[in-house]
**Q** 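Dumping the structure here so I can ask a few things about it.
This structure is a prediction, so every number in the text was calculated from the model and none was measured. As the structure lists them, so they are numbered: ligands from 1, and atoms in each ligand from 1.
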Amino acid sequence: MMRNKVILITGANGEVGHGLINQLSAIKDMPPVMVLDIRGLDKSMESKVYETIVGDILDNGLLETLVSEYEIVTIFHLAALLSTHSEFRPEAAHRVNVQGTVNLLQLAVEQSRISGRPVKFIFPSSVAVYGMPDIATKNAAPPVKEDEFTIPTTMYGINKLYGEHTGRYYTHHYRQLADVPQRSGVDFRSLRFPGLISATTMPTGGTSDYAPEMLHAAAKGEPYACFVRPDTAIPFMAMPDAIRALLEIADAPRERLTRTVYNVTSFSLPAGEIADIVRSAFPSAQITFEPHPQRQGIVDSWCAQMDDSAAQRDWGWKPEYDLNRAFHEYLIPTIRKQYT
Ligand code: SER
């Protein structure tokens, strides 16, 4: 039976999903996009995808149906509970972030068994996999490489780190001894993102959310109480760079990749400096700092800067939006237009 080739995006109704759908729908000769999201897909996005499935990545019956009806060539597995939400419901986070990821990896194995071709599995990981032991170490550390300080303190960070390792296992070591004594056809590639800032969408349940929240609140004329101290620094990236990074890692020739997980980053700055930039663009912005102890603790455990030299070397990664371009060419003008 001929089955339609599709790209599957899980968690597609989140902000990375929206950005990815917009980009993929603009590229010619791409297989159509099928989305799976527990919340469905916003109406405004529906015309850009081939099919929307409202469903849960923990529903194995549903995943089996997908494999039997479609030939899934690439999976962007974006579905996850982010870091703040995961601390409220750690066991639920474990189910979604860990069991959900294993379910999708199994789907990829099944798919490649049927088609005889490897399935690309693109997995966004996060700066949250890092766990800096204390602020002094965080502030003194040079940009952190992939294999340094990976002792996360949050359920989300632990779940993402496990997802990275499990993907590496499925790509390089998975054998079903009793069944097929060969490697699986999963071609897993993961990016560790810093905090992402979009001009058009808002994150839900993350801990880097203070940056986008501050900007969007100022543009709407609403006061904003930032939940971390002004001196708190983590790395960030503008959403268009994040989407491009996902498409580039998906496209990179396998033989160029020396790792299964790569840091990607753009600029790092303290929350107080973000507030200064926002105030100079929106002079009536009312920004205060009211640190929330737990959320402050989460961001304090993340590194201040990431080293993405492996991505630069192996597949030519380079952000297009540095600090200046991100705020002055992308974020501020787009957000301003959106709310006026
Ligand atoms: N932005 C995410 C979060 O804050 C990090 O992956 O949870």
Side-chain angles (χ1 to χ4, degrees), residues 10-11 13-20 76-90 92-94 96-98 100-101 122-132 138 144 146 149-150 152-164 167 190-216 226-229 232-243 245-246 249 261-271 274 291-292 294-306 308 319 326 331:
T10 70
N13 206 35
E15 43 173 9
V16 177
H18 280 207
L20 195 56
F76 290 92
H77 175 41
L78 311 180
L81 286 189
L82 293 189
S83 54
T84 292
H85 273 175
S86 294
E87 290 310 294
F88 279 110
R89 299 170 60 217
H94 179 87
V96 174
N97 297 346
V98 173
T101 298
I122 313 301
F123 181 68
S125 183
S126 165
V127 63
V129 303
Y130 294 111
M132 306 306 286
K138 165 172 172 150
V144 173
E146 282 85 352
F149 297 112
T150 46
T153 61
T154 61
M155 188 53 137
Y156 173 74
I158 290 166
N159 295 165
K160 282 289 182 189
L161 193 57
Y162 180 85
E164 294 176 4
S190 177
L191 295 180
R192 275 188 204 153
F193 282 125
L196 301 181
I197 316 179
S198 167
T200 53
T201 52
M202 292 296 289
T204 37
T207 323
S208 57
D209 297 9
Y210 59 88
E213 284 174 359
M214 204 184 277
L215 258 166
H216 286 257
C226 179
F227 56 80
V228 296
R229 292 185 316 268
T232 307
I234 57 165
F236 287 99
M237 182 184 283
M239 189 59 83
D241 271 337
I243 303 304
L246 286 171
I249 189 75
V261 55
Y262 288 93
N263 282 350
V264 285
T265 189
S266 183
F267 51 88
S268 294
L269 79 172
I274 301 178
H292 179 283
Q294 279 86 20
R295 296 184 97 184
Q296 179 72 56
I298 292 175
V299 186
D300 283 343
S301 77
W302 295 352
C303 58
Q305 298 178 69
M306 291 156 81
D308 60 4
L331 292 167

**Q** Are Arg192 and Asp308 ion-paired here, with the side-chain N under 4.0 Å from a carboxylate O?
**A**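 Answer for the salt bridge query: no.
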**Q** For Glu87 and Arg295: C-alpha separation, side-chain torsions, deciding distance, then whether salt bridge (Lys or Arg N to Asp or Glu O under 4.0 Å) applies.
**A** CA-CA 9 Å; Glu87 290 310 294; Arg295 296 184 97 184; over 6 Å; no
**Q** Of the side chain and backbone of Trp302, name the one, both, or neither that has a heavy atom under 4.0 Å from an atom of ligand 1.
**A**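 Just the side chain.
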**Q** Does either side chain, that of Thr201 or that of Ser198, offer a donor lying less than 3.5 Å from an acceptor on the other one?
**A**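 Yes, because at least one side-chain N or O of Thr201 sits under 3.5 Å from a partner of the opposite role on Ser198.
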**Q** Answer yes or no: does atom CZ of Phe267 have more than 12 heavy-atom neighbours from other residues, nucleotides or ligands under 6.0 Å?
**A**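 Atom CZ in Phe267 is crowded, with more than 12 foreign heavy atoms closer than 6.0 Å.
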**Q** Please classify the Phe193 to ligand 1 contact at 4.0 Å (heavy-atom distances, strictly less than): side chain, backbone, both or neither.
**A**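 Answer for Phe193: neither.
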**Q** Among all protein heavy atoms, pick the one closest to atom 4 (O) of ligand 1 and tell me residue, atom and distance.
**A**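 For atom 4 (O) of ligand 1, the nearest protein heavy atom is Thr207 N, 2.5 Å.
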**Q** Among Ile298, Asn159, Val127, Ile158, whose side chain to side chain contact (heavy atoms under 4.5 Å, CB included) with Pro152 holds?
**A**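 Of the listed options, the one satisfying the test is Ile158.
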**Q** Atom 5 (C) of ligand 1: which protein heavy atom is closest, and how many Å away?
**A**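 For atom 5 (C) of ligand 1, the nearest protein heavy atom comes out as Ser126 OG, 3.2 Å.
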**Q** Looking only at distances, can you tell me whether any N or O atom of Asp209, backbone or side chain, sits closer than 3.5 Å to an N or O atom of ligand 1?
**A**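 It does not: no N or O of Asp209 is found under 3.5 Å from an N or O of ligand 1.
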**Q** Among Pro203, Ala80, Ser83, Ser208, which one has a heavy atom closest to atom 7 (O) of ligand 1?
**A**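 Looking at heavy atoms only, the winner is Ser83.
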